[in-house]
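These notes concern the structure reproduced below.
Order of the sequence lines fixes the chain letters, A, B, ..., with proteins taken first and strands second; residue numbering starts at 1 for each chain.
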There are 2 protein chains.
Amino acid sequence: MTTIKDVAKLAGVAVSTASYALNGKQKISEETRRKVFEAAKKLNYQKNGFASDLKSKSTKTIALILSDLSGPYYSQLIQGVQDVSYENGYNLVACSSFGGYNSTAVKFLMEKRVDGTIVFAHNIENDLLVQAAHESFPIIALDRSIESDHIVSIEVDNEQGGYLATKHLVELGHKHIAYVSGPVTTHDNILRFKGYQRALKEHNLPYKSKWNISGNFTREGGYNAAKLLISQKDLPSAVFFANDEMALGGLRAFKEKGIEVPKDISVIGFDDIQLAEYTRPSLTTIRQPKYEMGALAAHILYQLLKGEETENFYKLSTELIIRESTKILT
Amino acid sequence: MTTIKDVAKLAGVAVSTASYALNGKQKISEETRRKVFEAAKKLNYQKNGFASDLKSKSTKTIALILSDLSGPYYSQLIQGVQDVSYENGYNLVACSSFGGYNSTAVKFLMEKRVDGTIVFAHNIENDLLVQAAHESFPIIALDRSIESDHIVSIEVDNEQGGYLATKHLVELGHKHIAYVSGPVTTHDNILRFKGYQRALKEHNLPYKSKWNISGNFTREGGYNAAKLLISQKDLPSAVFFANDEMALGGLRAFKEKGIEVPKDISVIGFDDIQLAEYTRPSLTTIRQPKYEMGALAAHILYQLLKGEETENFYKLSTELIIRESTKILT
DNA sequence: TAAATGTATCGAAACGATTCAATAACGTAA
DNA sequence: TTACGTTATTGAATCGTTTCGATACATTTA
């Protein structure tokens, strides 16, 4: 590989001069600048990014860490981050935390290969983030709440979302509302469930534990949960699936058993994934402001990188999207 | 930030000893190893990735360059790349070529911030790839064909796909088959169109230019193209949309005008995007082997990085997926 | 006991850029 | 002519690692 040394030699100038010329940083005569660029072109010179970063201690790049790079779920979030990064003239790379401690994500976090990062990956523990964060390496943690210097947390108000979903069903006249949960220990699930309970209580509806079924946040899980509900004696008149994927599985299960949605049973999901609008019936759900979340995260990160002050906790609210899968109880 | 120097000092050993201990590379006594790790932990030492990369000239990381990070379209491709990368113990980062010459992608390409790269982004020109590729920096170019050292091209057989789609319609008895094209200059579109023409010719069907409408590969474009077809006098009995997005737009246009698919008109797409199976009617289409493409690309890249020989051109074939949007002409 | 062998540790050079402080070159004012 | 200011150029130090070759010391072998 050709280095700046080679360029300098060919151009007949000092290495430092070549560097100044190439970066346009200091007064360099038109004449030598030309010579340097000519030499660089002739040698097909390209600077070594590492060497440059090492010296200048800045990469003008941030990383977005996701638990799964390939998830269509993230698409809008990424868009938000991307747009704001572009505006700020920063580079963006995405990497996955798949593989836990050996993952690309952890490598980027620990070895500071970027100027800062946005983390949306629950398989990375809080401790690790706390350890990695630093004055010169701010971290934005999405969908969790961490109390630590140089870390800003952004959460969607899952409790409010759970409440909204349940309230919608209640207002349609439903009194028997099942809740299909995600993994019971997850932050998201706990809060959504809390919102569900709050709405029930507020409307004086009893909570029945037999209507709380675990679905694991997967399509398959939702399918099985719905099957289980059906096989129990009295079917509720509405089901709140704690995410859309599970709701999709649920819709399939109901269809297979000849139970019509929304005629026989109302279904509501959570997330508003892209597919939600294309299912038959289309899915009523709680929209998470994903684009906004990404944009906000990036925005705050750039503020921190500029040394500005910010809050260290933000909460975004959700929105009820009414489609065809819920209707008034007759 | 604390450096290895600090660690060495605290542990009372030489810098080189600390490095050996931390990396487990050379014989180091249990005693000093312990001292070094203790010091590192106490100081919360984390190595500087740049410095390390600079010296060792390898990052154990590859980049996947996409024209749009957020596109759900890429999901399976990414999955393929990710799986193979994980098997090979390499790190993967994804970056976008949005922004052209100022994009993150170009920075990664030119400054060699990774060991090699897979490029699936048409807004990066061949010349740039040729310039960036190097013995120590192999590039896999997807969906285009480049003749150059250290670049391997992988293409989906678009011509065959176009042929397959058209043949399917012909075999269903259709004689009047429209083609809704993408941007006319794009590689993909040209080949798909070629396949369409070959199938027509092979079955002695005439090609009518009024049935070749431009749809720009977008949903909106497909919608407008379908509208245009409808407003022309004689409607064809089948339409081949050069991608699924346009087909989606087309379906909407037909529905709005009360033209039933597939009763009144058959529709076929190209790509087999995730939504294709959820539209009403679900979409008959040509599946591109995206996962396989990603996996193959990664596989070849790792072969090159190991210094092994490979072909420098690969072609993958497509598959007809029959769903509800096409039927026998009655 | 001296020589040979082996092991753990160390010092210094290197990677390829950036940047500070020093110098050279040159025109201008005194 | 000398002194000075300005501007373009340079040499050398530096960033934080890795790694080569040297060294010191302990152990085995002849």
Side-chain angles (χ1 to χ4, degrees), chain A residues 1-40 43-61 107-108 110-115 134 136-137, chain B residues 1-40 43-61 107-108 110-115 134 136-137:
Chain A
M1 287 267 65
T2 102
T3 74
I4 199 172
K5 254 182 180 162
D6 304 319
V7 174
K9 194 185 294 170
L10 181 61
V13 300
V15 174
S16 46
T17 308
S19 173
Y20 287 131
L22 256 10
N23 296 302
K25 286 257 167 139
Q26 212 169 296
K27 286 253 103 25
I28 290 285
S29 74
E30 205 34 67
E31 167 67 2
T32 51
R33 163 180 260 82
R34 216 206 63 249
K35 278 193 301 185
V36 171
F37 273 93
E38 225 159 56
L43 297 172
N44 188 25
Y45 166 74
Q46 274 128 226
K47 87 158 141 198
N48 179 313
F50 304 132
S52 158
D53 289 346
L54 173 60
K55 191 79 233 284
S56 41
K57 291 174 171 301
S58 145
T59 64
K60 275 277 175 187
T61 304
K107 181 171 174 176
F108 267 69
M110 300 313 273
E111 300 183 1
K112 312 275 186 309
R113 283 158 189 283
V114 286
D115 293 355
H134 187 272
S136 61
F137 189 78
Chain B
M1 288 267 62
T2 102
T3 75
I4 198 171
K5 254 183 180 162
D6 305 318
V7 173
K9 195 186 293 171
L10 181 60
V13 300
V15 172
S16 46
T17 306
S19 173
Y20 286 131
L22 257 9
N23 297 302
K25 285 257 167 139
Q26 212 170 293
K27 288 250 100 33
I28 291 283
S29 74
E30 205 35 66
E31 167 66 4
T32 51
R33 162 180 261 86
R34 215 206 65 248
K35 279 193 299 185
V36 171
F37 273 92
E38 226 160 57
L43 297 172
N44 188 26
Y45 167 73
Q46 272 126 227
K47 87 159 141 197
N48 179 313
F50 305 133
S52 160
D53 289 346
L54 174 59
K55 192 78 233 281
S56 42
K57 290 172 170 303
S58 146
T59 64
K60 274 277 174 187
T61 305
K107 181 170 174 176
F108 267 68
M110 299 314 273
E111 300 183 2
K112 312 274 187 307
R113 283 158 188 283
V114 286
D115 293 354
H134 188 271
S136 61
F137 189 78

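- A/Lys55 NZ to B/Phe50 CZ: the interatomic distance, rounded to the nearest 0.5 Å, is 14.5 Å.
- Contacts between residues 47-54 of chain B and DNA chain C, defined by a heavy-atom separation below 4.0 Å, involve B/Leu54, listed by number.
- Taking all atoms of both residues into account, the shortest heavy-atom contact from A/Gly24 to A/Arg33 is CA-NH2, 3.5 Å.
- Remark: P of D/dT14 and NZ of A/Lys57 are 13 Å apart, rounded to the nearest angstrom.
- Counting only N and O atoms by type, the side chains of B/Thr32 and B/Ser29 include a donor and acceptor under 3.5 Å apart.
- Ion pairing between a basic and an acidic side chain is recognised when a charged N comes within 4.0 Å of a carboxylate O; B/Arg34 and B/Glu38 show such pairing.
- Phosphate proximity of C/dA17 to A/Tyr45: present, with a side-chain N or O under 4.0 Å from OP1 or OP2.
- Side-chain atoms of B/Thr59 and B/Asp53 form no donor-acceptor pair, as typed in the model, at a separation below 3.5 Å.
- Here the straight-line distance linking atom CD of A/Glu111 with atom CZ of A/Phe137 works out to 10.5 Å at 0.5 Å rounding.
- Atom CG of A/Asn23 and atom C1' of C/dT18 are 8 Å apart (whole Å).
- In this model, no side-chain donor or acceptor of B/Lys27 finds a partner on the base of C/dT7 within 3.5 Å.
- Contact annotation: B/Thr17 side-chain N/O to C/dC10 OP1/OP2 distance is under 4.0 Å.
- Separating the NZ atom of A/Lys25 from the C1' atom of C/dC20 is a distance of 14 Å, rounded to the nearest angstrom.
- The shortest heavy-atom contact between A/Leu54 and B/Asn48 is CD1-ND2, 4.1 Å.
- Listed nucleotides: C/dG16, D/dC20, C/dC20. Nearest to the side chain of B/Tyr20: D/dC20.
- The distance from atom CG of B/Asn23 to atom OG of B/Ser52, rounded to the nearest 0.5 Å, is 7.5 Å.
- Judged by closest nucleotide on DNA chain D, A/Thr32 is the one of A/Val15 and A/Thr32 placed further toward the 5' end.
- Between the side chain of B/Lys55 and the base of D/dT17 there is no donor-acceptor pair of N/O atoms closer than 3.5 Å.
- In this entry the distance linking CZ of A/Arg113 with P of D/dG16 reads 15 Å, nearest Å.
- The nucleotide whose nearest atom lies closest to any side-chain atom of B/Ser19 is, among D/dT9, D/dT19, C/dC15, D/dT19.
- Considering only the side chain of B/Val13, C/dC10 comes nearest among C/dC10, C/dC15, D/dT9.
- A straight line from CG of B/Leu22 to C1' of D/dT19 spans 15 Å, rounded to a whole angstrom.
- Look at CD1 on A/Ile4: it is 19 Å from P on C/dA14, rounded to the nearest Å.
- Among the protein residues, A/Ser29 comes within range of the sugar-phosphate backbone only, with heavy atoms under 4.0 Å from sugar or phosphate atoms but none that close to a base.
- The interatomic distance linking B/Lys5 (NZ) with C/dC10 (P) rounds to 16 Å, in whole Å.
- Looking at the side chain of B/Thr3, the nearest of the listed nucleotides D/dG21, D/dT10, D/dT17 is D/dT17.
- Between A/Glu111 atom CD and D/dG16 atom P there is a gap of 15 Å when expressed in whole angstrom units.
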